[in-house]
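All residue numbers refer to positions in the sequence shown, counting from 1. Every value quoted in this text rests on a predicted model; they were computed, and no experiment measured them.
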Amino acid sequence: MLGECHAHIIMDGKNYKAAVALHKDGVKDQVIRAHFQTWKDKGITFVRDGGDALGVSRRAKDLASEYGIDYRTPSFAIHKKGHYGGIVGHAFSDWKEYHSLVCRAKKEGADFIKIMISGIMEFGTFGMLTEEGLAEHEIRRMIHIAHEEGMTVMAHGNGDQTVRMAVEAGLDTLEHGNYLEQETLDLLAKSRTIWIPTLAPVGNLLGCGRFPDEQIKQILKRQMDSVRYAFTRGAWIGLGSDSGAYQVSHGQGLLEEYQWMKEAVGEEQEAALRECLSKAEERIKKEMKQ
């Protein structure tokens with residue numbers, strides 16, 4: 001079984017606010033254990049988390065070995081104050097504060113640094129994001145400071161210009177990466193940046209009634225076309241479902257992500273796809289750890 005390269009153990013795939021509220025008075029081990037058991041039952045032995053602000057993923061790292069799971073976490077994500085990211089981490093107002101957060105994550109045992117450099121998709125409107133990405137100099141400095149501290153970098157990023165700037169700055173792994181143009185996909189394929197395109201958080205919305213299916217189909221097709229193009233050009237692509245996100249359950253979400261991936265590249269390419277995903281996972285295991 002391939003590993004889960006993008007998960008959120010603090011979430012439950014149903015109701016984010018309710019899932020977070022379970023830990024508001026202290027991290028609840030029984031919730032973490034239930035998620036680990038689900039992954040174990042599905043044969044998943046590697047999980048890379050996206051972090052959270054309450055210490056849930058940090059505690060999960062202490063418990064993972066009991067379930068035979070190699071678990072990696074950034075402890076928490078870092079975002080610029082006033083921008084998207086509070087859902088999974090802490091904000092910075094200046095570069096001194098950003099550096100302090102990087103050092104704090106290291107002290108807490110983070111395996112890598114996670115940064116937030118854009119908004120998320122407006123699922124009800126194809127082509128729209130909730131906000132534009134950060135400026136180029138900000139993205140470059142965030143990645144540079146983390147690298148100077150000896151840490152690899154995972155970035156939540158959407159939008160063509162934002163992603164292009166991050167790849168050019170030496171980003172280690174790109175999460176989501178929606179609405180990329182061919183030029184940026186070519187750049188990605190030539191780089192060592194690993195792309196985790198997370199198809200399930202979009203595809204699994206079909207039929208749920210929360211957003212218009214017509215818009216979801218357009219968003220999904222655009223991302224699947226991008227995955228297919230990048231795959232044929234030899235890009236580093238990894239498997240991550242964003243499990244815990246709405247309609248993406250732990251364990252099962254990864255199986256669904258793999259099915260979306262197969263549909264994107266074509267069933268006849270499954271052997272090559274598995275090799276591609278496996279190589280990306282091995283690199284993540286090797287490079288994204290303290």
Side-chain angles (χ1 to χ4, degrees), residues 1-24 27-61 63-64 67 69 71-74 76-77 84-89 114 116 119-124 130 154 156 158 175-176 178 196-213 215-217 219-220 223-224 238-261 263:
M1 183 65 192
L2 291 164
E4 171 63 90
C5 293
H6 190 121
H8 292 281
I9 202 165
I10 194 173
M11 303 180 193
D12 65 3
K14 300 174 183 177
N15 186 315
Y16 165 73
K17 290 183 178 180
V20 171
L22 292 174
H23 304 280
K24 67 178 181 179
V27 176
K28 301 297 187 296
D29 282 6
Q30 66 269 29
V31 177
I32 296 173
R33 290 184 180 280
H35 294 329
F36 273 137
Q37 188 62 53
T38 298
W39 279 318
K40 182 178 180 179
D41 291 344
K42 295 291 185 182
I44 298 169
T45 58
F46 176 72
V47 176
R48 186 179 66 141
D49 204 280
D52 63 87
L54 298 180
V56 178
S57 66
R58 188 168 70 247
R59 173 57 178 160
K61 189 174 180 180
L63 303 175
Y67 298 84
I69 292 176
Y71 179 85
R72 311 290 174 86
T73 177
F76 54 84
Y84 178 76
I87 188 172
V88 287
K114 181 181 179 183
M116 314 293 282
I120 61 173
M121 289 171 293
E122 290 279 10
F123 290 102
T130 57
M154 164 202 256
H156 161 109
N158 292 298
E175 317 302 307
H176 316 306
N178 287 276
I196 314 296
T198 60
L199 297 168
V202 180
N204 287 11
L205 291 175
L206 288 170
C208 77
R210 190 169 184 173
F211 302 100
D213 274 4
Q215 299 299 311
I216 296 300
K217 288 177 181 178
I219 297 169
L220 178 62
Q223 188 74 333
M224 291 175 77
L239 189 70
S241 73
D242 204 6
S243 73
Y246 184 64
Q247 293 289 101
V248 187
S249 60
H250 296 304
Q252 182 62 31
L254 188 65
L255 303 179
E256 293 162 350
E257 179 72 23
Y258 184 64
Q259 291 302 314
W260 289 120
M261 279 279 199
E263 185 175 336

Between CD1 of Ile32 and CD of Gln37, what distance do you get to the nearest 0.5 Å? 14.0 Å

Grab the two heavy atoms, one from Gln223 and one from Pro197, that are nearest each other, plus how far apart they are. NE2-O, 3.1 Å

Any His156 side-chain heavy atom under 4.5 Å of Tyr84 side chain: yes

Please assess Glu257 against Asp242 for the test side chain to side chain contact (heavy atoms under 4.5 Å, CB included), listing each intermediate value before the final yes or no. CA-CA 9 Å; Glu257 179 72 23; Asp242 204 6; over 6 Å; no

I'd like to know if the side chain of Asn158 and the backbone of Gly119 have a donor-acceptor N/O pair within less than 3.5 Å. yes

Using every non-hydrogen atom in the two residues, find where Trp39 and Ala7 come nearest and quote the distance to one decimal. CZ2-CB, 3.8 Å

Heavy-atom nearest pair, Gly50 first then Lys114, reads O-CD, 3.1 Å

Please tell me if the side chains of Gln259 and Leu199 come closer than 4.5 Å, counting only heavy atoms from C-beta onward. no

Given side chains that start at C-beta, do those of His176 and Pro201 come closer than 4.5 Å, heavy atoms only? no

Met1 versus Leu255: any side-chain heavy-atom pair under 4.5 Å? yes

To the closest 0.5 Å, what do you measure between CD (Gln252) and OG (Ser243)? 11.5 Å

Please determine if Glu175 and Arg48 form a salt bridge, counting it only when a charged side-chain N lies under 4.0 Å from a carboxylate O. yes

If I compare all heavy atoms of Glu4 with all of Ser241, which pair ends up nearest, and what's the gap? OE1-OG, 2.6 Å

Nearest non-hydrogen partners of Met154 and Asp49, listed with the distance: CE-O, 3.9 Å

Quick one: does Ile44's side chain get under 4.5 Å of Ile69's, heavy atoms only? no

Please round to the nearest 0.5 Å and tell me the distance separating atom CG of Asp41 and atom NE2 of His250. 13.5 Å

Heavy-atom check, side chain of Ser249 versus side chain of His35, under 4.5 Å: no

Those residues that, when tested against Phe211, pass ring-ring contact (aromatic ring centres under 6.0 Å, His included) (two or more places apart): Phe123

CD1 (Ile216) and CG (Leu205) are apart, to the nearest 0.5 Å, by 4.5 Å

Closest non-hydrogen atoms of Ala200 and Trp260, given as atom of the first, atom of the second and distance, are CA-CD1, 3.8 Å

Distance, nearest 0.5 Å, that separates CZ of Arg33 from CD1 of Ile9: 11.0 Å

Taking atom NZ as the centre, does Lys14 end up with more than 12 heavy-atom neighbours from other residues, nucleotides or ligands that are less than 6.0 angstrom away? no

Between the CG atom in Leu220 and the CG atom in Asn204, the distance rounded to the nearest 0.5 Å is 9.5 Å

State whether the side chain of Lys40 and the backbone N or O of Tyr67 hold a donor-acceptor pair below 3.5 Å, judged by distance alone. no

Worked check of side chain to side chain contact (heavy atoms under 4.5 Å, CB included) between Met11 and Tyr246: CA-CA 9 Å; Met11 303 180 193; Tyr246 184 64; over 6 Å; no

Verdict with supporting geometry, Arg72 and Phe46, side chain to side chain contact (heavy atoms under 4.5 Å, CB included): CA-CA 8 Å; Arg72 311 290 174 86; Phe46 176 72; 3.7 Å; yes

Under the rule for side chain to side chain donor-acceptor pair (under 3.5 Å), what residues qualify as partners of Asp213, not counting sequence neighbours? none

With a 4.5 Å limit on heavy-atom distance, are the side chains of His23 and Ile10 in contact? yes

Within the 4.5 Å heavy-atom criterion, are Arg58 and Thr73 side-chain neighbours or not? no

Criterion side chain to side chain contact (heavy atoms under 4.5 Å, CB included) on Met116 and Val88, from CA distance to verdict: CA-CA 9 Å; Met116 314 293 282; Val88 287; 3.8 Å; yes

